[in-house]
Undergrad: 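One structure, pasted below without further comment.
Computed from a predicted model, the values in this text were never measured in an experiment. The residues of the chain are indexed from 1 along the displayed sequence.
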Amino acid sequence: TEDDFEREVASKPDSGASWVCYMAYWLGLGNVDKARLTARRALDTINYRLEEEKLNVWSALFNLENSFGTQDGLMKVCKEAAAVNDSKTVFLRLAAVLDKSKKYQVIINQIKLSSSA
């Protein structure tokens with residue numbers, strides 16, 4: 001339940017996995033907006049020194065936007081993530097998400113955009 005997940009993230013606020021499970025809970029209920037808000041809460045809550053935990057949440061947010069959002073929304077989230085993390089790591093994670101969903105043209109377009117910047 002929502003209360004169970006609230007207790008979980010309260011007891012483990014720096015656990016990217018706990019936050020991602022909470023996002024999945026909302027997606028399972030068909031509530032994409034709540035899943036997005038949960039990801040944003042996680043990114044605000046997880047200690048800034050725990051880059052890998054934050055990157056796991058960013059990756060989950062990439063998956064969410066790739067599956068339920070628009071391509072523009074996905075690229076916006078990617079740019080936001082690249083601004084606060086190592087951009088190469090972010091783009092590689094985005095490429096992995098897109099590769100898994102076989103969106104190769106989006107990968108090519110993103111490589112072109114990032115190499116021209």
Undergrad: Closer than 3.5 angstrom, by distance alone: can the side chain of N85 be matched with the main-chain N or O of A81 as a donor-acceptor pair?
TA: yes
Undergrad: Okay, side chain of W19, backbone of P13: is any donor-acceptor separation there less than 3.5 Å?
TA: yes
Undergrad: Give, for atom CZ of F62 and atom CE of M75, the distance between the pair rounded to the nearest 0.5 Å.
TA: 8.5 Å
Undergrad: Among all residues two or more places apart in sequence or in another chain, which pass the side chain to side chain donor-acceptor pair (under 3.5 Å) test with S11?
TA: none
Undergrad: Closer than 4.0 angstrom, basic N to acidic O: yes or no for E80 and K54?
TA: no
Undergrad: Give me the atom names and distance for the closest heavy-atom approach of A17 to E53.
TA: N-OE1, 4.0 Å
Undergrad: Picking from D72, V97, L74, V32, what satisfies side chain to side chain contact (heavy atoms under 4.5 Å, CB included) with E65?
TA: L74
Undergrad: Report yes or no: do L37 and L43 belong to one cluster of Ile/Leu/Val/Met/Phe/Trp/Tyr joined by side chain heavy-atom distances under 4.5 Å?
TA: no
Undergrad: Suppose we screen for ring pair (Phe, Tyr, Trp, His ring centres under 6.0 Å). Which residues come up paired with F5, at least two apart in sequence or across chains?
TA: Y22, Y25
Undergrad: Do you know which two heavy atoms are closest between I46 and V57, and how far apart they sit?
TA: CD1-CG2, 3.8 Å
Undergrad: Provide the closest heavy-atom pair for A35 versus W26 in the form atom of the first, atom of the second, distance.
TA: N-CB, 3.7 Å
Undergrad: Quick one: are V84 and W58 in side-chain contact, heavy atoms under 4.5 Å?
TA: yes
Undergrad: For K88, which residues count as a side chain to side chain contact (heavy atoms under 4.5 Å, CB included) partner, sequence neighbours excluded?
TA: D86, L92
Undergrad: Could you work out, with side chain to side chain contact (heavy atoms under 4.5 Å, CB included) as the rule, every residue matching D33, not counting sequence neighbours?
TA: N31, R36
Undergrad: Tell me which one of L27, T38, V77 satisfies side chain to side chain contact (heavy atoms under 4.5 Å, CB included) with L64.
TA: L27
Undergrad: Are the charged groups of E6 and R41 less than 4.0 angstrom apart, N to O?
TA: yes
Undergrad: Which heavy atom in C78 sits nearest to a heavy atom in V90, and how many Å separate them?
TA: O-CG1, 3.8 Å
Undergrad: Starting from the C-alpha separation in whole Å, work towards a yes-or-no answer on side chain to side chain donor-acceptor pair (under 3.5 Å) for T1 and D4.
TA: CA-CA 5 Å; T1 67; D4 293 334; 3.2 Å; yes
Undergrad: Could you tell me which residues satisfy side chain to side chain donor-acceptor pair (under 3.5 Å) with N63, sequence neighbours excluded, listed by chain and number?
TA: none
Undergrad: If I take atom CZ from residue R93 and atom CG from residue L61, how far apart are they, to the nearest 0.5 angstrom?
TA: 12.5 Å
Undergrad: Go through the structure and list residues passing salt bridge (charged side-chain N to carboxylate O under 4.0 Å, His left out) with D3, not counting sequence neighbours.
TA: none
Undergrad: Measure the spacing between CG of N56 and OG of S15 and express it to the nearest 0.5 Å.
TA: 9.0 Å
Undergrad: Should we say atom CD of E8 is surrounded by more than 12 heavy atoms from elsewhere, each under 6.0 Å from it?
TA: yes
Undergrad: Heavy atoms only: give me the nearest S18-K12 pair and the separation to one decimal.
TA: OG-CD, 3.9 Å
